[in-house]
S.K.: 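The structure follows.
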Amino acid sequence: MSLGRINFSSISLSHNKFEGDPSMLFGSTKVTARIDFSWNSFVFDFGKVELPKITSMLDVSHNKIYGSLPAGIENVMLLNVSYNRLCGEIPKGDNANRS
């Protein structure tokens, strides 16, 4: 069975040596609120990812992710995309204006 078929409420694959493209674990119809793929060797175009609408925490730091930030990223409350190869504009959203 593919992990992409499972609808996780939370998933952490952090601090491993995973490689490849985990984008099948994302999807706008998924119910994943917390995603932690940090400290791996994942390589994929982040701009093509569809984030679950309810994602509140996303940590994909310390990988080899490239591209732009995906649509919906402005709704994530806790975000860490550091130490990747991302480019483009940082979107403004509701959470950017909160103090």
Side-chain angles (χ1 to χ4, degrees):
M1 173 182 258
S2 169
L3 287 180
R5 293 177 184 235
I6 300 173
N7 206 357
F8 296 101
S9 61
S10 177
I11 184 169
S12 178
L13 301 175
S14 65
H15 290 83
N16 286 289
K17 295 179 183 178
F18 290 124
E19 299 176 339
D21 181 356
S23 60
M24 84 296 255
L25 298 172
F26 294 98
S28 61
T29 61
K30 301 248 181 178
V31 296
T32 313
R34 300 177 55 83
I35 300 170
D36 188 351
F37 293 162
S38 62
W39 292 92
N40 282 289
S41 293
F42 288 128
V43 180
F44 62 99
D45 186 346
F46 201 39
K48 294 183 179 178
V49 166
E50 290 185 9
L51 291 176
K53 293 182 186 349
I54 67 162
T55 299
S56 60
M57 190 283 288
L58 176 63
D59 188 346
V60 293
S61 63
H62 297 273
N63 281 284
K64 299 174 185 175
I65 300 168
Y66 58 92
S68 60
L69 296 174
I73 199 86
E74 63 273 11
N75 298 319
V76 176
M77 296 296 292
L78 181 63
L79 174 67
N80 189 352
V81 295
S82 59
Y83 296 96
N84 282 290
R85 299 173 184 160
L86 299 171
C87 61
E89 292 186 30
I90 298 174
K92 293 181 181 176
D94 293 337
N95 293 335
N97 297 323
R98 293 184 184 166
S99 50

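Starting from 1, each residue takes its place in the sequence as its number. Note that these values count all heavy atoms, side chains included, but never hydrogens, waters or copies made by symmetry.
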S.K.: Test of understanding: clusters of I, L, V, M, F, W, Y form through side-chain heavy atoms closer than 4.5 Å, transitively. Do Val49 and Met24 belong to the same one?
M.R.: yes
S.K.: Keeping the roles fixed (side chain from Asp59, backbone from Ile35), state whether a donor-acceptor pair exists under 3.5 Å.
M.R.: no
S.K.: Once you round to the nearest 0.5 Å, how far does CG of Asp45 lie from OG of Ser68?
M.R.: 6.5 Å
S.K.: Do side-chain atoms of Lys30 reach the backbone of Gly4 as a donor and acceptor pair under 3.5 angstrom?
M.R.: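 Looks like yes, one N/O pair under 3.5 Å.
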S.K.: Without swapping roles, check the side chain of Asn84 against the backbone of Leu86 for a donor-acceptor pair under 3.5 Å.
M.R.: no
S.K.: Check for a donor-acceptor pair, side chain of Asn75 on one end and backbone N or O of Ile73 on the other, with a separation under 3.5 Å.
M.R.: no
S.K.: Taking it one step at a time, do Thr55 and Phe26 satisfy side-chain contact (heavy atoms from CB on, under 4.5 Å)?
M.R.: CA-CA 10 Å; Thr55 299; Phe26 294 98; over 6 Å; no
S.K.: What distance do Phe37 atom CZ and Ser61 atom OG have between them, rounded to the nearest 0.5 Å?
M.R.: 12.5 Å
S.K.: For atom CD1 of Ile54, decide whether the heavy atoms of other residues, nucleotides or ligands shown that lie under 6.0 angstrom number more than 12.
M.R.: yes
S.K.: Between atom NZ of Lys64 and atom CZ of Arg85, what is the distance when rounded to the nearest 0.5 Å?
M.R.: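 So the NZ of Lys64 and the CZ of Arg85 are separated by 6.0 Å.
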S.K.: Just to verify, which of Thr32, Leu51, Asp36 counts as forming a side chain to side chain contact (heavy atoms under 4.5 Å, CB included) with Leu58?
M.R.: Leu51
S.K.: For Ser38 versus Asn63, what's the shortest heavy-atom pair and its separation?
M.R.: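 Here Ser38 and Asn63 meet closest at CA-ND2, 3.9 Å.
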S.K.: So Ser28 and Lys53, side-chain contact (heavy atoms from CB on, under 4.5 Å) or not? Walk me through it.
M.R.: CA-CA 6 Å; Ser28 61; Lys53 293 182 186 349; 4.0 Å; yes
S.K.: Between Leu3 and Leu25, is the side-chain contact (heavy atoms from CB on, under 4.5 Å) condition met? List the steps.
M.R.: CA-CA 7 Å; Leu3 287 180; Leu25 298 172; 3.7 Å; yes
S.K.: Quick check: does any side chain N or O of Asn7 sit under 3.5 Å from a backbone N or O of Val31, one acting as donor and the other as acceptor?
M.R.: yes
S.K.: Under the side-chain contact (heavy atoms from CB on, under 4.5 Å) rule, what do Val81 and Ile65 come out as? Steps first, then yes or no, please.
M.R.: CA-CA 9 Å; Val81 295; Ile65 300 168; over 6 Å; no
S.K.: With clusters defined by side-chain heavy atoms of hydrophobic residues (ILVMFWY) lying less than 4.5 Å apart, directly or transitively, does Val43 cluster with Leu13?
M.R.: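 Not linked; separate clusters.
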S.K.: Would you kindly confirm whether Phe42 and Phe8 end up in one hydrophobic cluster when ILVMFWY residues are joined by side chain heavy atoms under 4.5 Å apart?
M.R.: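 Linked within one cluster.
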S.K.: Among the clusters formed by ILVMFWY side chains lying less than 4.5 Å apart, do Phe44 and Trp39 turn up in the same one?
M.R.: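 Different clusters.
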S.K.: Is Phe46 reachable from Phe18 through a run of hydrophobic residues whose side-chain heavy atoms are each under 4.5 Å from the next?
M.R.: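 Phe18 clusters together with Phe46.
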S.K.: Drop me the distance from Ser56's OG to Leu79's CG, to the nearest 0.5 angstrom.
M.R.: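 That separation rounds to 11.5 Å.
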S.K.: So, taking the atom named OG in Ser82 and the one named NE2 in His62, what distance separates them when rounded to the nearest 0.5 Å?
M.R.: 4.5 Å
